[in-house]
Amino acid sequence: MSLSWFLTNLVAALLLPPLNLLVVGGLGLALRRCRPRLGMGLVVASLAGLWLLATPIVAGGLLDSLEPAPAILDGREADAIVILGGGRNRGSIEYGGDTVKHFTLERLRYGAFLARRLNKPILVTGGAPEGVGTPEGRIMRDVLEEEYRLPVRWVEDASRNTRENAEFSAAILKQAGVRRIYLVSHAWHLARAIPEFERAGLAVVPAGTGYTLSGNLEPFDFIPNAQALLNSYLASHEWLGQLWYRLRN
C-alpha cells in the first residue's frame with residue numbers, strides 16, 4: 001500500500017459521511033461537561049445530519065444534482081468507447097485472484113452493450129492506486145474478452161485517479177487518431193470525469209449508466225436506510241473530488 005494513497009483516502013474519510021458526522025458527534029460528547037449547550041448542539045447536529053443523509057429523498061437529490069440528462073446514442077457522435085474503472089477486489093477467493101468490483105462490472109456491462117450496438121473500439125482505463133495487485137485496466141480487459149467475448153483495443157493500466165485516467169487515456173487515443181469518445185461511467189461520476197477528459201484534449205459524449213433519477217415520492221423515501229447513506233457518500237465524494245481538482249488547477 002502506497003503512503004500517498006493511504007493519506008489521500010484517510011483525509012477523504014475524515015471529510016466524508018459518516019465519519020465526518022461521527023467526529024462532530026464525538027466532539028460534542030467531549031464538550032458536554034465544560035460546554036453543555038455547544039456539546040449537545042454538536043451531538044444533535046451530527047445525528048440530524050446522519051438521519052438526513054440516510055433518507056432516500058435527500059440521497060436521491062444529491063445524486064440527481066450530478067447526473068447529466070440521459071441521451072440516445074446512435075454511433076455518429078464519437079469514434080471510440082472509454083470505460084472508466086470503478087474499483088477492484090483484491091485476492092478474491094472465488095475467482096482465485098483480483099477481480100472487478102460491482103461498480104466496474106456495471107460500467108463494463110454498459111460499455112459492452114454500446115460496443116455491440118455502435119460498433120466502436122474500446123479503451124479500458126484503471127491502474128493499481130494502492131501500489132499492489134493487478135492493475136484494474138488489465139482485469140477489465142480480461143472480463144470483456146473472456147466473459148463478454150468483445151475485443152479491447154487499448155488498455156490504460158497506470159492511472160491512480162480520474163485525472164490520470166483522462167491524461168493517460170488521451171495520450172493513447174490521440175496517438176491512434178481518436179479525439180471524440182463516448183465516456184462510460186456511472187452517471188453520478190460523469191460530472192467530475194467529463195471536465196478531466198476535456199481538459200486532456202478530447203471531445204466527450206456522456207454515456208452514463210446507473211441513473212438514479214427520482215420519481216414520485218413514496219413514504220419510504222423519508223425513512224433512513226443503508227443504501228441511501230451510501231448514495232449520499234457517493235455524491236459527497238464526487239463534490240469533494242470536483243473541489244479538489246479545481247483547487248489543483
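Every value quoted in this text rests on a predicted model; they were computed, and no experiment measured them.
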| message | Can you give me the closest heavy-atom contact between Gly133 and Ala128, atom names plus distance? | response | O-CB, 4.2 Å
| Any donor-acceptor pair under 3.5 Å from Asn20 side chain to Leu14 backbone | no
| Looking only at heavy atoms, what is the nearest atom pair of Trp239 and Ser65, with distance? | CZ2-OG, 3.4 Å
| query | Can you find a pair of side-chain heavy atoms, one from Pro56 and one from Phe220, that are under 4.5 Å apart? | reply | no
| Rounded distance [0.5 Å steps], CD1 in Ile122 versus NZ in Lys120 | 12.5 Å
| task | Flag the pair Asp79 / Ile181 as yes when at least one side-chain heavy-atom distance between them is below 4.5 Å, and no otherwise. | result | no
| field | Val23 with Tyr233, same ILVMFWY side-chain cluster at under 4.5 Å | value | no
| With side chains defined as the heavy atoms from C-beta onward, is the minimum distance between Tyr211 and Pro68 less than 4.5 Å? | yes
| field | Leu247 atom CG: more than 12 heavy-atom contacts under 6.0 Å | value | yes
| remark: When every non-hydrogen atom of Val124 is compared with those of Gly137, the smallest separation belongs to CG2-O, 3.4 Å
| said: If you define the side chain from C-beta out and look only at heavy atoms, does anything of Ile83 sit under 4.5 Å from Leu108? | reply: yes
| Are any side-chain N or O atoms of Thr104 and backbone N or O atoms of Gly87, one a donor and one an acceptor, separated by less than 3.5 Å? | yes
| Qualifying residue for side chain to side chain donor-acceptor pair (under 3.5 Å) with Thr125, from Glu136, Glu156, Glu164 | Glu156
| request: Please report the shortest heavy-atom distance between Leu183 and Leu190, naming the atom on each side. | output: O-CD2, 3.7 Å
| In one Ile/Leu/Val/Met/Phe/Trp/Tyr side-chain cluster, 4.5 Å: Leu53, Leu230 | no
| message | Check Glu130 with Arg160, please: is the shortest side-chain N to carboxylate O separation under 4.0 Å? | response | no
| CG/Asn119: more than 12 non-hydrogen atoms of other groups inside 6.0 Å | no
| query | Under a 4.5 Å cut-off applied to non-hydrogen side-chain atoms, are Leu202 and Arg180 in contact? | reply | no
| message | With a 3.5 Å distance limit and no angle check, can you tell me whether Arg179 reaches the backbone of Leu173 through a side-chain donor-acceptor pair? | response | no
| said: Between Glu77 (side chain only) and Gly75 (backbone N and O only), is there a donor and an acceptor less than 3.5 Å apart? | reply: yes
| said: When you measure from the side chain of Asn9 to the backbone of Phe6, do you find a donor-acceptor pair of N or O atoms at a distance under 3.5 Å? | reply: no
| Do Leu73 and Tyr182 pass the side-chain contact (heavy atoms from CB on, under 4.5 Å) test, and can you show the C-alpha distance, the side-chain angles, and the key distance before you say yes or no? | CA-CA 9 Å; Leu73 307 175; Tyr182 298 102; 3.9 Å; yes
| task | Show your reasoning for whether ring pair (Phe, Tyr, Trp, His ring centres under 6.0 Å) applies to Trp188 and Phe103. | result | CA-CA 12 Å; Trp188 41 260; Phe103 283 146; 5.4 Å; yes
| said: Could you tell me if the side chain of Asn165 sits less than 4.5 Å from the side chain of Glu196, heavy atoms only? | reply: no
| task | To the nearest 0.5 angstrom, please state how far the CG atom of Leu123 sits from the CZ atom of Arg141. | result | 12.0 Å
| request: Would you name the heavy atoms of Ala54 and Ala228 that are closest together and state the gap between them? | output: O-CB, 3.1 Å
| task | Determine, using the 4.5 Å side-chain heavy-atom cutoff (strictly less than), whether Leu114 and Val82 are members of one ILVMFWY cluster. | result | no
| field | Flag, side chain of Thr55 to backbone of Leu52, donor-acceptor distance under 3.5 Å | value | yes
| For the side chain of Glu67 and the backbone of Thr212, is there at least one donor-acceptor N/O pair under 3.5 Å apart? | yes
| side-chain contact (heavy atoms from CB on, under 4.5 Å) evaluation trace for Val152 with Met140 | CA-CA 9 Å; Val152 174; Met140 295 166 71; over 6 Å; no
| request: Answer yes if Phe197 and Ile81 sit in the same cluster of Ile, Leu, Val, Met, Phe, Trp and Tyr residues linked by side chain heavy atoms under 4.5 Å apart, and no otherwise. | output: no
| query | Taking all atoms of both residues into account, what is the closest heavy-atom pair of Ile194 and Pro206, and its distance? | reply | CD1-CG, 3.6 Å
| query | Would you say Ser92's side chain and Asn89's backbone share a donor-acceptor pair under 3.5 angstrom? | reply | no
| task | Report yes or no: does Tyr245 contribute a side-chain atom to a donor-acceptor pair with the main-chain N or O of Arg163 at less than 3.5 Å? | result | yes
| query | Once you round to the nearest 0.5 Å, how far does CG of Leu27 lie from OG of Ser46? | reply | 10.0 Å
| field | Side-chain donor/acceptor of Asp98 to backbone N/O of Gly91, under 3.5 Å | value | yes
| said: Is any side-chain heavy atom of Leu22 closer than 4.5 Å to one of Leu50? | reply: yes
| query | Are Trp154 and Tyr148 linked, directly or through other ILVMFWY residues, by side chains that come within less than 4.5 angstrom of each other? | reply | no
| task | Go through the steps for Phe222 and Leu217 under the test side-chain contact (heavy atoms from CB on, under 4.5 Å), then give the verdict. | result | CA-CA 9 Å; Phe222 300 90; Leu217 289 179; 4.2 Å; yes
| In Å, rounded to the nearest 0.5 Å, how long is the span from OG of Ser236 to CG of Leu66? | 9.0 Å
| task | Count the heavy atoms of every other residue, nucleotide or ligand shown that sit under 6.0 Å from CZ of Arg35, and state whether that count exceeds 12. | result | no
| message | In the structure I gave you, are the side-chain heavy atoms of Leu229 and Pro224 within less than 4.5 Å of one another anywhere? | response | no
| message | Taking OH in Tyr95 as the centre, count heavy atoms belonging to other residues, nucleotides or ligands within less than 6.0 Å. Is the count above 12? | response | no
| request: Report the relative orientation of the aromatic rings in Tyr110 and Phe113; use parallel for angles under 30°, tilted for 30 to 60°, perpendicular for over 60°. | output: parallel
| message | To the closest 0.5 Å, what do you measure between NZ (Lys174) and OG (Ser169)? | response | 11.5 Å
| Reported CD1-to-CD1 distance for the pair Ile57 and Ile223, which is rounded to 0.5 angstrom | 12.0 Å
